[in-house]
Protein chains: 2
Amino acid sequence: MRSTAEARRVTVLNAAVSVFARAGFHATPVTAVAAAAGISEAYVFRLFSGKLGLFVAAAGACFDRIADAIEAGAERAGGDSPEEILDAMGGAYAELIADRDLLLFQVQAQAVTDIPEVAEAVRAGYRRVATFVQSRARASDAQVQQFFAYGQLCHLIVTAGLEQVPEPWARALTAGIRHP
Amino acid sequence: MRSTAEARRVTVLNAAVSVFARAGFHATPVTAVAAAAGISEAYVFRLFSGKLGLFVAAAGACFDRIADAIEAGAERAGGDSPEEILDAMGGAYAELIADRDLLLFQVQAQAVTDIPEVAEAVRAGYRRVATFVQSRARASDAQVQQFFAYGQLCHLIVTAGLEQVPEPWARALTAGIRHP
DNA sequence: CATGTTTGTAAGTGTGCACTCACAAACAAG
DNA sequence: CTTGTTTGTGAGTGCACACTTACAAACATG
């Protein structure tokens, strides 16, 4: 016994978020996740109930990390007005998704919401993040909505590579968005 | 000869947008598109250069329809202030994506932007739509950015099925969004 | 009618991948 | 040391699917 199963699961989930983020659920073979985690494909299937179970668990891990980052960001807010706290949360989120894995995984998860288990995992993730944002920042519905709207805009900017496009329309879409 | 190849291509592209929208590029067999279009799989491969060529062509058709709808919506605007024109465009877009196919196809396309040809097609689509919105509405960069941010929010609302969720956080995210 | 072109398909072919199983080594407990 | 449990893998199995090929029927042109 080199390691406990629970520790392996954590390793595998980190690898899974990274690997699924690039090509998505259907285009990513479990072999790729196993290789990234440094174990055999067969053992991944013992640790998780099939490829779908692995993906759903990875989604949970992804939203956990996002929620933790936003929570930590709120602690570092300059003041306690909704605007200041939302700004601090946005900054923490921007920092977190600098490596792109968490952002791209969210996009991939949204793309396979025709699988009910995935849709439920996405809802659970946003439930956790949105309720925290609203209650912690004491923000209005409209402010929360705006917070997530511009978060979703980041998804487009990154997937389409708009920060590399010098044309005016792309500059308009990326203006003021923190370093993605 | 029942039909010309060009007419068939149009039929196939409409079917492709619909079918790819549900399960995405990698999870959709070309057989499914062929069946939806009412022709054989082999003929689809003669009409398009492989599955990727079909998907990229479908992306072009998708953004064509979106651009046309927004253009037509702008014509029906109540006044000629940026706000009124943007509002009319938003309404036309909301109407167009009521059937979900065009919205879900965009999500699927964004999910496979690791394929360079798809990324370029997505950029081309948004280039066309964004430049039109900006020039036709004479809107500021910030207004254009907001327009697309809330458009992207619609993607989340629909894929996660948030309009079915009665909890407060979901109501905040969906508030005021026109009937998706 | 003969010849050529375009539309259309049935029947493969090869490969990649989800998932399984039989088996082995490390550790624990008595 | 023996017996049992957990960690771990190599070697399959079967199926789905992208793409091809050989062939046929519809139409055009002389």
Side-chain angles (χ1 to χ4, degrees), chain A residues 1-59 105 108-109 111-112 114-118 121, chain B residues 1-59 105 108-109 111-112 114-118 121:
Chain A
M1 286 175 208
R2 279 287 146 92
S3 180
T4 77
E6 210 44 53
R8 282 293 191 197
R9 262 185 266 263
V10 173
T11 307
V12 172
L13 285 182
N14 285 335
V17 170
S18 258
V19 176
F20 279 129
R22 331 255 179 208
F25 178 70
H26 293 290
T28 304
V30 176
T31 312
V33 177
I39 64 173
S40 72
E41 187 196 8
Y43 195 38
V44 174
F45 277 101
R46 181 170 294 179
L47 290 173
F48 296 90
S49 63
K51 189 184 182 181
L52 178 58
L54 171 61
F55 188 85
V56 169
F105 188 94
Q108 299 299 348
V112 284
D114 61 314
I115 305 170
E117 292 92 328
V118 175
Chain B
M1 285 177 210
R2 278 287 146 94
S3 178
T4 77
E6 210 46 52
R8 281 294 191 197
R9 261 185 268 263
V10 173
T11 308
V12 172
L13 285 182
N14 284 336
V17 169
S18 259
V19 176
F20 278 129
R22 329 255 180 206
F25 179 71
H26 293 291
T28 305
V30 176
T31 313
V33 177
I39 63 174
S40 71
E41 186 195 9
Y43 195 38
V44 174
F45 278 102
R46 183 171 293 178
L47 291 174
F48 296 91
S49 63
K51 189 184 181 180
L52 179 57
L54 171 63
F55 188 84
V56 169
F105 188 94
Q108 299 298 349
V112 284
D114 61 315
I115 304 170
E117 291 93 328
V118 175

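A, B, ... follow the sequence lines: proteins, then strands. Residue 1 opens every chain.
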Practice problem: Name the nucleic acid region contacted by B:T28, choosing base, sugar-phosphate or nothing; use a 4.0 angstrom heavy-atom cut-off, strictly under. | Solution: sugar-phosphate

Between [atom2] on [N] and [atom1] on [X], what's the gap in Å once rounded to a whole number?
X     : N      : atom1 : atom2 : value
A:H26 : C:dC19 : NE2   : P     : 12 Å
A:L52 : C:dC19 : CG    : C1'   : 14 Å
B:Y43 : D:dA22 : OH    : P     : 19 Å
B:L54 : D:dC17 : CG    : C1'   : 15 Å
A:F20 : C:dC17 : CZ    : P     : 12 Å

Closest listed nucleotide, where the reference is the side chain of [X] and the choices are [options]:
X     : options               : value
B:P29 : C:dA18, D:dA18, D:dT9 : D:dA18
B:I39 : D:dT9, C:dT9, D:dA18  : C:dT9
A:A42 : C:dC21, D:dC19, D:dT7 : C:dC21
A:F45 : D:dC19, C:dC19, C:dT9 : C:dC19

Self-check item: B:F25 backbone acceptor or donor facing B:K51 side chain under 3.5 Å
Solution: yes

Quiz item: Is a donor-acceptor contact shorter than 3.5 angstrom present between the side chain of B:R8 and the base of C:dG8?
Solution: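 Such a pair does not exist between side chain and base.
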
Quiz item: Is there a donor on the side chain of B:E41 or the base of D:dC17 sitting less than 3.5 Å from an acceptor on the other?
Solution: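 Such a pair does not exist between side chain and base.
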
Quiz item: Tell me the side chain to side chain donor-acceptor pair (under 3.5 Å) pairs involving residues 15-24 of chain A, sequence neighbours left out?
Solution: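 The answer is A:S18-A:D101.
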
